[in-house]
Participant: 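Before I ask anything, let me first share the structure, which is written out below as C-alpha cells.
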Amino acid sequence: MEKFKEILTELESKLNNVNSLNELVEIRNEYLSKKGIVSSLMSKMKELTVEEKKTYGKEVNELKTSVEKLISEKQIKVNEIEQEKRFKEEKIDISLPPISHHVGKENPFYKIIDEIEEIFIGMGYKVEKGPEVDKDHFVFELLNIPKDHPARDMQDTLYIDNETLLRSHTSAVQAHVMQKEGGKPIKIICPGKTYRRDDDDMTHSHQFAQVEGLVIDKNINLGNLKATLELFAKKMFSKDSKIRFRSSYFPFTEPSVEVDVSCFNCHGKGCNICKNSGWIEILGAGMVHPNVLKMNGYNPEVYSGFAFGIGIERVAMLRYGIDDIRRFYQNDIRFIDEFNKKVED
C-alpha cells in the first residue's frame, strides 16, 4: 500500500507540471499502457499465493482506478487551457475594416446560351452535347460533305490526324444523335464551341460557339421552320420581331436559307446596327437534305426535317452592342462587370 501511495503521489506531482495534451499522453502511456507501471504491478500476481492475490489484486485495481481518475481530471483542465489559448490566438479584431470580396459576374456569352436553351426547352426541345474533337465521318461525311467537296474549304479546321479534327460546327452532334436514334423522330438543340481557320479580327475568331437545332418527323415543312424561328426571334429580341428568308446554300440542307430578323433597335426604319437596311442576319437554316436523312437511317419518303444554326457571339454582340468578338475570350473583369443585369433588363 505504501508503494501504491508513492505511485499516486509521484503521478500527482507530474500532472501538476503538465500543460499540453501531448505531455498528458506520455504520462498516460507511462502508467496505463501494456508495459506501463500499473500493468507491471499486475504481472507480479503470479508470484503470490491465492490469498495474497485477492488483497493484492483489489489494491492494484483501486490504484488503476485512481490513476485513470487523476489523468481524466487533468485532461479536462488541459483541454480548457488549450481552448483558451486557441481563442486568444484566433481572436478577431472587430475594429479592423472587413475584407472586400469581388462578386463575379456571368459572361454575356453564357447568358445568351442559357437564354437560348431556355427558349427552345420551352418549345419541347432536348439539349444534346457532343465531343469537340470528333471524327471526319461525323463532322463532314454523314452531313453530305464528302472528302472532295468544295464546301470543306469554308469549314477548314484544325486536324489531329487525317480522320480526327476539332469540329467546325455542332452539326456533328446532330449526326451522332441521328445514328443513335436509328430512324426515330428527333427534336434537339446542340450548343457548343466550334473551330475554324478564320480571320482574327473584330467580327471573326478561330473559335466561336453555335446552337444548332434539328427536327425530324413526318410532315415537317418550311412553314414549321419559319414559325419556330419567328417565335425564337420574338422571345430573344422583341415581341414585334419579324423574320425573312433569303435563298442560300448549305450542303446538308435543301432548300437552304439565310435568316434575317427585323432590327430590334430601329424596328425596320434603319440605323447603324442594321446598316440602315432594317434587317439583321442572325442565322442559317434549311430543310434537311434527303442524302443526310438516308445516310443516317431515315427514309426521306416518310420523314423530313429542318435544321438551323445560331451564332452565340453574334447574337450577344447584337443584343448588347459589343464591338469586338475577342472580348468574350479575354477574361477582362472590367468587360464582364458590365453585364451584372439579367438579359431581360
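Counting begins at 1 with the first residue of the sequence.
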Participant: Looking at Lys187, I'd like to know if its NZ atom is crowded, meaning that more than 12 non-hydrogen atoms belonging to other residues, nucleotides or ligands lie closer than 6.0 Å.
Facilitator: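 More than 12 heavy atoms, drawn from other residues, nucleotides or ligands, come within 6.0 Å of this atom.
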
Participant: Report yes or no: does Asp114 contribute a side-chain atom to a donor-acceptor pair with the main-chain N or O of Lys111 at less than 3.5 Å?
Facilitator: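 No, Asp114 side chain to Lys111 backbone: no donor-acceptor pair under 3.5 Å.
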
Participant: How about Leu8 and Val67: do any of their side-chain heavy atoms sit closer than 4.5 Å?
Facilitator: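 Heavy-atom side-chain distance check passes, below 4.5 Å.
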
Participant: Calculate, to the nearest 0.5 Å, the distance between atoms CD1 and CD1 belonging to Ile243 and Ile282 respectively.
Facilitator: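 Interatomic distance, Ile243 CD1 to Ile282 CD1, rounded to 0.5 Å: 7.5 Å.
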
Participant: Could you tell me which non-hydrogen atom of Glu281 sits nearest to which non-hydrogen atom of Glu258, and how far apart they are?
Facilitator: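 So the minimum-distance heavy-atom pair works out to OE2-OE1, 3.1 Å.
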
Participant: Is the backbone N or O of Thr49 less than 3.5 Å from a side-chain atom of Tyr56, with the two atoms forming a donor-acceptor pair by type?
Facilitator: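 No: the side chain of Tyr56 does not pair with the backbone of Thr49.
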
Participant: Classify the ring geometry between Phe308 and Phe120 as parallel (under 30°), tilted (30 to 60°) or perpendicular (over 60°).
Facilitator: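 Parallel: the ring planes of Phe308 and Phe120 meet at under 30°.
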
Participant: Taking the six-membered ring for Trp, is the centroid-to-centroid distance between Phe252 and His169 below 6.0 Å?
Facilitator: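 Ring centroids of Phe252 and His169 are less than 6.0 Å from each other.
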
Participant: Check Lys5 with Glu59, please: is the shortest side-chain N to carboxylate O separation under 4.0 Å?
Facilitator: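 Salt bridge absent between Glu59 and Lys5.
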
Participant: Passes side-chain contact (heavy atoms from CB on, under 4.5 Å), Val315 versus Leu283? Steps please.
Facilitator: CA-CA 9 Å; Val315 172; Leu283 58 92; over 6 Å; no

Participant: Does Gln75 reach the main-chain N or O of Leu21 with its side chain, forming a donor-acceptor pair under 3.5 Å?
Facilitator: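 Not at all, since once roles are kept as given, no pair shorter than 3.5 Å links the two residues.
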
Participant: Does the side chain of Pro191 reach to within under 4.5 Å of the side chain of Val127, using non-hydrogen atoms?
Facilitator: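 Pro191 reaches Val127 side chain to side chain.
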
Participant: Could you walk me through whether Glu163 and His137 pass side-chain contact (heavy atoms from CB on, under 4.5 Å), step by step?
Facilitator: CA-CA 8 Å; Glu163 294 298 326; His137 182 64; 5.7 Å; no

Participant: Might you point out which heavy atoms bring Glu82 and Ser20 nearest each other, and give the distance in Å?
Facilitator: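 Of all heavy-atom pairs spanning Glu82 and Ser20, the closest is OE2-CA, 3.5 Å.
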
Participant: State plainly whether one hydrophobic cluster holds both Leu48 and Val38, where clusters connect Ile, Leu, Val, Met, Phe, Trp and Tyr through side-chain heavy atoms under 4.5 angstrom apart.
Facilitator: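 Leu48 and Val38: one cluster.
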
Participant: Give a yes or no on this: more than 12 heavy atoms of other residues, nucleotides or ligands lie within 6.0 Å of atom CD of Glu118.
Facilitator: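 No.
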
Participant: side-chain contact (heavy atoms from CB on, under 4.5 Å), that's the test. Do Leu143 and Met295 meet it? Break it down for me.
Facilitator: CA-CA 8 Å; Leu143 299 173; Met295 285 188 285; over 6 Å; no

Participant: Any side-chain to backbone donor/acceptor pair from Ser43 onto Ser40? Under 3.5 Å, distance only.
Facilitator: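 Yes.
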
Participant: Any idea how Tyr303 and Tyr298 line up, ring-wise: parallel (<30°), tilted (30 to 60°), or perpendicular (>60°)?
Facilitator: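 Answer is perpendicular, since the angle exceeds 60°.
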
Participant: Can any side-chain N or O of Asn144 pair as donor or acceptor with the backbone N or O of Pro251 at less than 3.5 Å?
Facilitator: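 Looks like yes, one N/O pair under 3.5 Å.
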
Participant: Are there more than 12 heavy atoms of other residues, nucleotides or ligands under 6.0 Å from atom CG of Asn162?
Facilitator: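 Counting other residues, nucleotides and ligands, CG of Asn162 stays at 12 neighbours or fewer.
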
Participant: Honestly curious: do Phe138 and Ile188 fall in one hydrophobic cluster under the side-chain, below-4.5 Å linking rule?
Facilitator: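 Hydrophobic grouping puts Phe138 apart from Ile188.
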
Participant: Using the rule that two of Ile, Leu, Val, Met, Phe, Trp, Tyr join whenever any of their side-chain heavy atoms come within less than 4.5 Å, decide whether Val215 and Leu142 are in one cluster.
Facilitator: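 Per the 4.5 Å side-chain linkage, Val215 and Leu142 are not co-clustered.
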
Participant: Is it true that Phe208 and Ile189 fall in one hydrophobic cluster, defined by side-chain heavy atoms closer than 4.5 Å?
Facilitator: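 Result: yes, single cluster for both.
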
Participant: So, does Lys74 use its side chain to make a donor-acceptor pair with the main chain of Leu15 at under 3.5 Å?
Facilitator: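 Side chain of Lys74 to backbone of Leu15: a pair is present.
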
Participant: Between Arg167 and Val173, is there a side-chain heavy-atom distance shorter than 4.5 Å?
Facilitator: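 Yes. Closest side-chain heavy atoms under 4.5 Å.
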
Participant: Which residues pass the salt bridge (charged side-chain N to carboxylate O under 4.0 Å, His left out) test with Asp260, sequence neighbours left out?
Facilitator: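 Partners of Asp260 by the salt bridge (charged side-chain N to carboxylate O under 4.0 Å, His left out) criterion, ordered by chain and then number, come out as Arg244, Arg246.
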
Participant: Between Thr170 (side chain) and Cys190 (backbone), is there a donor-acceptor pair under 3.5 Å?
Facilitator: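 At least one qualifying donor-acceptor pair exists.
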
Participant: How far does OH of Tyr31 sit from CG of Leu63, to the nearest 0.5 angstrom?
Facilitator: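 If I round to the nearest 0.5 Å, the distance is 9.5 Å.
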
Participant: Counting only heavy atoms from other residues, nucleotides and ligands, does the tally under 6.0 Å from NZ of Lys64 exceed 12?
Facilitator: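 For Lys64, atom NZ is not crowded (no more than 12 foreign heavy atoms under 6.0 Å).
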
Participant: Looking at Tyr249, I'd like to know if its OH atom is crowded, meaning that more than 12 non-hydrogen atoms belonging to other residues, nucleotides or ligands lie closer than 6.0 Å.
Facilitator: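 Buried by this count: over 12 neighbours within 6.0 Å.
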
Participant: Looking at CZ of Phe245 and OG of Ser256, how far apart are the two atoms once the value is rounded to the nearest 0.5 Å?
Facilitator: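 Separation between the atoms: 11.0 Å.
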
Participant: Is atom CG of Asn219 surrounded by more than 12 heavy atoms (other residues, nucleotides or ligands) closer than 6.0 Å?
Facilitator: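 Not more than 12 within 6.0 Å, no.
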
Participant: Is there a side-chain contact between Thr253 and Phe306 (heavy atoms, below 4.5 Å)?
Facilitator: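 Result no, sub-4.5 Å side-chain heavy-atom pair not found.
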
Participant: Please check this pair: side chain of Ser304 against backbone of Ile220, looking for a donor-acceptor N/O pair closer than 3.5 Å.
Facilitator: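 Looks like yes, one N/O pair under 3.5 Å.
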
Participant: Do Met178 and Val292 have side-chain heavy atoms sitting under 4.5 Å apart?
Facilitator: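 Yes, at least one pair of side-chain atoms sits under 4.5 Å.
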
Participant: Can you tell me how far CD of Glu62 sits from CZ of Phe4, rounded to the nearest 0.5 angstrom?
Facilitator: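 Those atoms lie 9.5 Å apart.
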
Participant: Backbone N or O of Ser241 within a donor-acceptor pair of the Lys234 side chain at under 3.5 Å?
Facilitator: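 The answer is yes, because a donor-acceptor pair under 3.5 Å joins these two groups.
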
Participant: Nearest 0.5 angstrom please: Ile7 CD1 to Ile37 CD1, how far?
Facilitator: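 Those atoms lie 6.0 Å apart.
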
Participant: Do the non-hydrogen side-chain atoms of Val139 and Ser168 ever get within less than 4.5 Å of each other?
Facilitator: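 The answer is yes; the side chains approach within 4.5 Å.
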
Participant: What pair of heavy atoms forms the shortest contact from Ala307 to Leu225, and how long is it?
Facilitator: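 It is O-CD1, 4.4 Å.
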
Participant: Have Lys135 and Thr164 got a donor and an acceptor in their side chains that come within less than 3.5 Å?
Facilitator: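 Per modelled atom types, Lys135 and Thr164 side chains form a pair under 3.5 Å.
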
Participant: Please name the pair of heavy atoms, one in His176 and one in Asp134, separated by the smallest distance, quoted to 0.1 Å.
Facilitator: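 Answer, listing the atom of His176 first, then Asp134: NE2-OD2, 2.8 Å.
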
Participant: Where is the tightest heavy-atom contact between Val261 and Ala233, given as atom of each residue plus distance?
Facilitator: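 Nearest heavy atoms, Val261 then Ala233: CG2-CB, 3.8 Å.
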
Participant: Out of curiosity, Glu12 CD to Glu73 CD, how far, rounded to the nearest 0.5 Å?
Facilitator: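 Here the interatomic distance stands at 9.5 Å.
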
Participant: Short question: side chain of Thr157, backbone of Leu166 - any donor-acceptor pair under 3.5 Å?
Facilitator: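 Checking the backbone N and O of Leu166 against the side chain of Thr157, a donor-acceptor pair under 3.5 Å is found.
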
Participant: Would you call Glu10 and Lys14 a salt bridge, taking side-chain N to carboxylate O under 4.0 Å as the test?
Facilitator: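 A salt bridge is present here (some side-chain N lies under 4.0 Å from a carboxylate O).
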
Participant: Side-chain contact test, heavy atoms from C-beta onward, threshold under 4.5 Å: evaluate it for Ile280 versus Arg314 and give yes or no.
Facilitator: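 Yes; the side chains approach each other to less than 4.5 Å.
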
Participant: Starting from Ile310, can I reach Leu231 by hopping between I/L/V/M/F/W/Y residues whose side chains sit under 4.5 Å apart?
Facilitator: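 In one cluster: yes.
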
Participant: With a 4.0 Å cut-off on N to O distance, would you call Glu141 and Lys147 a salt bridge?
Facilitator: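 Judged by the 4.0 Å cut-off on N to carboxylate O distance, Glu141 and Lys147 do form a salt bridge.
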
Participant: Any side-chain heavy atom of Lys69 sitting closer than 4.5 Å to one from Thr65?
Facilitator: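 Of all side-chain heavy-atom pairs linking Thr65 with Lys69, none is under 4.5 Å.
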
